[in-house]
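Starting off with a structure, shown below.
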Amino acid sequence: MIAALAPWVGVALILLGALPWAAAIRGGRVMTLTLTVALAAGVVALILFWSALLTGHWTLAGVSVVYCLFAAAGVIVWFARRRVRRSPLRDAAGSLTRIEWGAIALIGVIAAAILFNSAYFPFSRPDALGIYRPAALDMFQRGSIQPLIGAESLYRAYPILVPLNYAMVYTLAGWEQDYLAKTVVALLSLGCLPAVFLLGREIGTRRTGLLAALILALTPAFVRWASSGYVDLPMAFYYTLAATFALRFWRNGAGVDAALAGLMMGFAAFTKNAALLGVPLLAIWLAASLWKHRHAHELSRRLGATVLSLALCGLIAAPWYIRNLIGAGFLIPDTAWTDQAERSLRTLGIFITLTDNFLASGWLILLGVAFSAVRLAQSLSNRRRPEPHVDGHALLLWFTVPFFAAWWIFVSYDPRFLLLFTPILCVSAALAIEVVLQRLRPGRIVQAALIAAALGISLYCMFISVEFKDEIVRDPLMSHEAKVALVRGQ
């Protein structure tokens with residue numbers, strides 16, 4: 001029993017070690033918990049990567065010592081910042097309304113169903129079994145990262161934040177503990193929910209954030225892939241946080257926000273190479289912030305923060321891609337089937353044409369994009385009276401539309417890749433819905449219908465988030481061997 005619980009305790013201690021750093025940001029409870037998960041997974045991956053790069057291998061003792069030093073430094077920073085004025089992005093004051101509590105409950109039960117599916121079954125999806133798990137298992141057995149083998153490297157050149165976290169779990173357990181490995185990465189996927197809440201709250205209000213998180217939780221594609229062990233949603237988690245801190249930097253020019261924007265974008269690029277598109281988007285956004293404040297006294301401070309942000313992003317992600325270029329002859333493996341991209345009206349309207357993936361969320365997302373575009377256009381045409389949250393609308397469009405264009409042109413054969421930026425689009429949807437509800441002021445019957453629809457969709461999302469339900473009912477205590485045979489069709 002103790003041996004079985006030990007790796008779970010080890011993961012809890014890893015999270016605990018990142019907590020002081022997250023608390024030092026002083027962004028409120030939700031921000032602290034979200035950053036704890038983000039930093040823990042990112043720092044563990046970096047320690048393993050650099051240990052292998054510098055010494056050729058890692059050991060559990062060596063990784064533990066380095067991580068303890070990281071945690072101790074976090075405690076020192078947290079103590080030093082205890083008297084710093086609380087961040088503008090703090091937990092909103094005031095008690096939650098019944099509607100808000102209801103939204104939190106729906107989000108919570110869906111998240112619980114996803115975590116149950118992660119912890120109950122081993123890996124079952126093709127890429128998890130064919131790419132990420134084998135890479136992690138090989139690294140666990142080697143105690144090092146996989147060597148590149150020239151032009152044949154391909155999958156070995158995939159960014160490895162997620163496989164390194166799998167390998168860390170295996171190292172803690174001493175065997176291929178797939179259940180915990182899946183659960184750890186499911187936490188990164190579920191991190192999209194508080195991340196989108198934080199972005200929505202930064203642009204609008206607490207209610208905006210909760211509504212955005214609810215829209216994401218009620219998106220079938222999200223609940224289907226959150227426990228898959230894939231890297232798309234973990235990348236979206238870091239990408240959404242990078243957008244949040246980029247917006248904060250635009251508004252207040254704080255160096256810590258610029259640093260965190262670069263840090264999160266670096267982790268995103270270390271998770272999936274599609275995030276490389278986000279790097280120039282972040283750089284241009286930071287440059288636009290400098291241009292906007294070019295005559296202000298804080299220009300020099302913003303310039304230094306911008307350089308720091310991009311430097312952190314490069315320090316985290318660039319070594320991996322430079323290694324690929326040296327050892328394999330390319331930065332990014334040519335594994336995208338661009339010739340199969342479907343550049344059609346159907347894929348252009350994918351959020352409403354693929355109802356099985358998006359249901360009502362797709363329509364709300366399109367409404368949100370249109371709303372943000374109109375608000376931005378109105379603000380640009382009448383600069384004397386800028387529209388509310390115009391900088392937020394600009395950020396939402398800037399960090400998503402280029403991604404969608406790239407998806408449509410190159411990889412529109414797979415709607416799963418839309419998950420990379422869907423969380424940010426949910427914020428646009430939430431802002432639009434708030435305005436619609438404020439203007440229409442629906443009566444009790446309409447409100448009841450909306451609540452009933454949310455309940456119905458949430459039940460459906462809970463249902464599809466758990467796999468092999470009939471088998472669970474027939475044999476809830478099935479053995480590991482039976483689970484492996486079931487999920488892999490043996």
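Keep in mind that the numbers below use all heavy atoms, side chains included, and drop hydrogens, waters and symmetry copies. As the structure is a computational prediction, the values presented were derived from the model and not from experiment.
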Do Leu290 and Leu299 touch side chain to side chain, with heavy atoms closer than 4.5 Å?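 Answer yes - side chains close enough.
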
Could you check whether any side-chain N or O of Asn324 sits under 3.5 Å from a backbone N or O of Ala157, counting only pairs where one atom can act as donor and the other as acceptor?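 Checking the backbone N and O of Ala157 against the side chain of Asn324, a donor-acceptor pair under 3.5 Å is found.
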
Please check if the number of heavy atoms outside Phe463 that lie under 6.0 Å from its CZ is greater than 12. no

Using a 3.5 Å distance criterion without hydrogens, assess whether the side chain of Tyr132 forms a donor-acceptor pair with backbone atoms of Val162. no

Taking side chain to side chain contact (heavy atoms under 4.5 Å, CB included) as the criterion, tell me which of Asp257, Leu260, Thr32 meets it with Ile25. Leu260

With a 4.5 Å heavy-atom cut-off, do Ser227 and Phe116 have their side chains touching? no

Are Tyr230 and Trp225 an aromatic pair, judged by ring center distance below 6.0 Å?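 Under 6.0 Å, so yes.
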
Indicate the atoms forming the closest heavy-atom contact of Pro402 with Leu397, along with that distance. CD-O, 3.6 Å

What is the distance from atom CE of Met31 to atom CD of Glu202, rounded to the nearest 0.5 Å?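 Those atoms lie 8.0 Å apart.
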
Would you say that Val37 contacts Leu190 through its side chain, given a criterion of any heavy-atom pair below 4.5 Å between the two side chains? no

Rounded distance (nearest 0.5 Å) linking atom CG of Leu218 with atom CD1 of Ile110: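 Those atoms lie 5.0 Å apart.
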
The test is side chain to side chain contact (heavy atoms under 4.5 Å, CB included); show your working for Thr422 and Thr400 and say whether it passes. CA-CA 8 Å; Thr422 293; Thr400 56; over 6 Å; no

Where is the tightest heavy-atom contact between Ile107 and Leu214, given as atom of each residue plus distance?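 Taking every non-hydrogen atom into account, CD1-N, 3.7 Å.
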
Is there a donor-acceptor contact under 3.5 Å linking the side chains of Ser309 and Thr306?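 No, because no side-chain N or O of Ser309 sits under 3.5 Å from a partner of the opposite role on Thr306.
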
Provide the closest heavy-atom pair for Ser428 versus Ser372 in the form atom of the first, atom of the second, distance. OG-OG, 3.2 Å

State which residue, out of Phe245, Trp320, Phe237, Tyr238, fulfils the ring pair (Phe, Tyr, Trp, His ring centres under 6.0 Å) condition with Phe267. Tyr238

Check the pair Leu450 / Leu437 against side chain to side chain contact (heavy atoms under 4.5 Å, CB included), numbers first and verdict last. CA-CA 11 Å; Leu450 292 174; Leu437 293 177; 4.2 Å; yes

When you compare the side chains of Ser361 and Thr219, does any donor N or O come within less than 3.5 Å of an acceptor on the partner? yes

Report, as yes or no, whether the 6.0 Å neighbourhood of atom CZ on Arg294 holds more than 12 heavy atoms from other residues, nucleotides or ligands. yes

Under 6.0 Å from the six-membered ring centre of Tyr166 and within 45° of its axis: does the NZ or CZ of Arg133 meet both? no

Under 30°, 30 to 60°, or over 60°: which ring-plane class applies to Trp250 and Trp285, parallel, tilted or perpendicular?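 The arrangement is tilted - the two ring planes meet at 30° to 60°.
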
Just by distance, do the side chain of Arg201 and the backbone of Gly209 share a donor-acceptor pair under 3.5 Å? no

Taking Thr34 for its side chain and Ala195 for its backbone only, find out whether a donor-acceptor pair lies under 3.5 Å. no

Working to the nearest 0.5 Å, report the span between CG of Leu312 and CE of Met264. 10.0 Å

Beyond-backbone contact of Arg375 with Val390, side-chain heavy atoms, under 4.5 angstrom: no

Rounded at 0.5 Å granularity, tell me how far CD in Glu467 sits from CG in Asn117.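 With rounding to 0.5 Å, CD (Glu467) is 4.5 Å from CG (Asn117).
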
Report, as yes or no, whether the 6.0 Å neighbourhood of atom CG on Asp334 holds more than 12 heavy atoms from other residues, nucleotides or ligands.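 Not more than 12 within 6.0 Å, no.
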
Do Val184 and Leu180 make a side-chain contact, defined as non-hydrogen atoms from C-beta onward lying under 4.5 Å apart? yes

Taking the six-membered ring for Trp, are Phe270 and Phe49 closer than 6.0 Å centroid to centroid?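 Ring centres of Phe49 and Phe270 closer than 6.0 Å.
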
State plainly whether the residues Asp232 and Arg125 are in salt-bridge range, i.e. N to O under 4.0 Å.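 Salt bridge: no.
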
Would you check if the distance from the ring center of Tyr239 to the ring center of Phe399 is below 6.0 Å?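 Close enough - the centres of the two rings lie under 6.0 Å apart.
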
Stepwise side chain to side chain contact (heavy atoms under 4.5 Å, CB included) check, Asp356 with Arg224: CA-CA 11 Å; Asp356 188 47; Arg224 284 196 182 101; 3.0 Å; yes

Short side-chain to backbone donor-acceptor contact, Ser118 and Ile114, under 3.5 Å: yes

Has Ser381 got a side-chain atom pairing as donor or acceptor with Gln378's backbone, closer than 3.5 angstrom?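 Yes, Ser381 side chain to Gln378 backbone: donor-acceptor pair under 3.5 Å.
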
Answer yes or no: is there a donor N or O on one side and an acceptor on the other, between the side chain of Thr205 and the main chain of Thr208, under 3.5 Å?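 It does hold such a pair.
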
Looking only at non-hydrogen atoms, find the nearest pair between Ile215 and Ala429 and report the distance.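 Scanning both residues completely, I find the closest heavy atoms to be CD1-CB, 3.8 Å.
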
To the nearest 0.5 Å, what is the distance between CD1 (Ile332) and NZ (Lys272)?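 Between Ile332 CD1 and Lys272 NZ, I get 11.0 Å after rounding to 0.5 Å.
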
Answer whether the closest heavy-atom distance between the side chains of Leu440 and Val446 falls below 4.5 Å.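 With C-beta onward as the side chain, the pair stays apart.
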
Roughly how far apart are Met265 CE and Leu276 CG, rounded to 0.5 Å? 10.0 Å

Sub-4.5 Å side-chain heavy-atom contact between Pro234 and Leu161: no

Please answer whether the main-chain N or O of Thr353 pairs with a side-chain N or O of Arg346 as donor and acceptor at a distance below 3.5 Å.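 The answer is no, because no donor-acceptor pair under 3.5 Å joins these two groups.
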
Considering only heavy atoms from C-beta outward, does the side chain of Leu418 approach that of Leu354 to under 4.5 Å? no

Where is the tightest heavy-atom contact between Pro476 and Tyr120, given as atom of each residue plus distance?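 Minimum heavy-atom contact is O-OH, 2.6 Å.
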
Sole residue of Trp407, Trp408, Trp363, Phe358 in ring pair (Phe, Tyr, Trp, His ring centres under 6.0 Å) with Phe351: Phe358

Does Ser379 use its side chain to pair, donor to acceptor, with the backbone of Leu376 at less than 3.5 Å? no

Are there more than 12 heavy atoms of other residues, nucleotides or ligands under 6.0 Å from atom CG of Leu348? yes

To check you understand the geometry: which heavy-atom pair defines the closest contact between Phe403 and Ala275, and what is its length?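 The pair with the smallest heavy-atom distance is CZ-CA, 4.3 Å.
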
Given salt bridge (Lys or Arg N to Asp or Glu O under 4.0 Å), test Arg416 with Asp127 step by step and report yes or no. CA-CA 12 Å; Arg416 170 169 55 89; Asp127 282 1; 3.7 Å; yes

If you count every heavy atom of other residues, nucleotides or ligands that lies below 6.0 Å from Leu345 atom CG, does the total exceed 12?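 Atom CG in Leu345 is not packed in, count stays at 12 or less.
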
Does the side chain to side chain contact (heavy atoms under 4.5 Å, CB included) test come out yes or no for Trp398 and Ile284, once each step is laid out? CA-CA 10 Å; Trp398 180 246; Ile284 294 172; 3.6 Å; yes

